[in-house]
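Quick caveat: nothing in here was measured; it's all calculated off a predicted structure.
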Amino acid sequence: MMASSNLNPAFAYTVVYVKDVARSVDFYARAFGYHVRRLDDSHRWGELESGQTTIAFTPIHQHETDDLSGTVRTPHFGRERAPIEVCFAYADVDVAYKRAVENGAAPVSEPEEKQWGQRVGYVRDLDGIVVRMGSYVSKPAKQD
């Protein structure tokens, strides 16, 4: 059993490794409706305002992380995907999905009702990362 502690972590960042930080920051702002918090002058770090957690972008390859924790591996085939899925919740998934596709997101699956009480659609971002766009989860309808 773990000893009790005073640790109370907050989930602070999701870092997305991309080919072009400035382009991805602009894309996520336009396609998904986020406000850009920061894009540094070197275009090696960008952040979006997303509530309590920050969505951050950094280049796929960089000296600081490649040498320290290893290189990022990206999918090579059309049916492969990165080992991460970014999920956003919207009050109106259909409008959000349409906006994303109109702003460059690649459509994967149009929004549909799921058995767990959520409307969900999928797109891919500029780097092929799957983005789930879903409604807030509600209780499923009672089955007779």
Would you kindly confirm whether [X] and [Y] end up in one hydrophobic cluster when ILVMFWY residues are joined by side chain heavy atoms under 4.5 Å apart?
| X | Y | result |
| --- | --- | --- |
| Y28 | Y90 | yes |
| W45 | I60 | yes |
| V95 | V123 | no |
| Y34 | V36 | yes |
| Y97 | V137 | no |

Checking Y122 now: which residues fulfil side chain to side chain donor-acceptor pair (under 3.5 Å) with it, not counting sequence neighbours? R132
Counterpart residues, side chain to side chain donor-acceptor pair (under 3.5 Å), relative to T14 (two or more places apart):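 Partners of T14 by the side chain to side chain donor-acceptor pair (under 3.5 Å) criterion come out as none, since no residue qualifies.
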Does R30 have any salt bridge (charged side-chain N to carboxylate O under 4.0 Å, His left out) partners at least two apart in sequence or in another chain, and if so, which?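 R30 satisfies salt bridge (charged side-chain N to carboxylate O under 4.0 Å, His left out) with D26 only.
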Atom [atom1] in [X], atom [atom2] in [Y]: separation rounded to 0.5 Å?
| X | Y | atom1 | atom2 | result |
| --- | --- | --- | --- | --- |
| I55 | S50 | CD1 | OG | 4.0 Å |
| D127 | S24 | CG | OG | 4.5 Å |
| T54 | R38 | OG1 | CZ | 10.5 Å |
| E85 | R124 | CD | CZ | 10.0 Å |
| D94 | R99 | CG | CZ | 15.0 Å |

Is a donor on one side and an acceptor on the other found under 3.5 Å between the side chain of [X] and the backbone of [Y]?
| X | Y | result |
| --- | --- | --- |
| R37 | L48 | no |
| T53 | A12 | no |
| S135 | A91 | no |

Which atom names give the shortest non-hydrogen contact between L39 and A22, and what distance separates them?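 L39 and A22 have their closest heavy atoms at CD2-CB, 3.9 Å.
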So, for V18 and F57, which heavy atoms are closest and what is the spacing to 0.1 Å? CG1-CD2, 3.8 Å
Show, in sequence, the C-alpha distance, side-chain angles and deciding distance for Y136 and Q118, and conclude whether the side-chain hydrogen bond (donor to acceptor under 3.5 Å, both in side chains) test is met. CA-CA 7 Å; Y136 299 97; Q118 186 181 37; over 6 Å; no
Where does the angle between the aromatic ring planes of F32 and F88 fall among parallel (under 30°), tilted (30 to 60°) and perpendicular (over 60°)?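 Plane angle between 30° and 60°, so tilted.
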Do T58 and R44 have side-chain atoms, one donor and one acceptor, less than 3.5 Å apart?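 Side-chain D/A pair, T58 to R44: absent.
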Just wondering, do Y13 and E47 contact through their side chains at under 4.5 Å, heavy atoms?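 Yes, close enough: below the 4.5 Å cut-off.
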Minimum side-chain heavy-atom gap V86-V130 below 4.5 Å: no
For atom CD of E49, is the number of surrounding heavy atoms from other residues, nucleotides or ligands below 6.0 Å larger than 12?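 Yes.
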With V120 as reference, evaluate K114, E110, M133 under the side chain to side chain contact (heavy atoms under 4.5 Å, CB included) test and give the passing residue.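 For V120, the side chain to side chain contact (heavy atoms under 4.5 Å, CB included) check succeeds only for K114.
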Using the rule side chain to side chain contact (heavy atoms under 4.5 Å, CB included), only one of D20, V25, V21 pairs with R23; which is it? D20
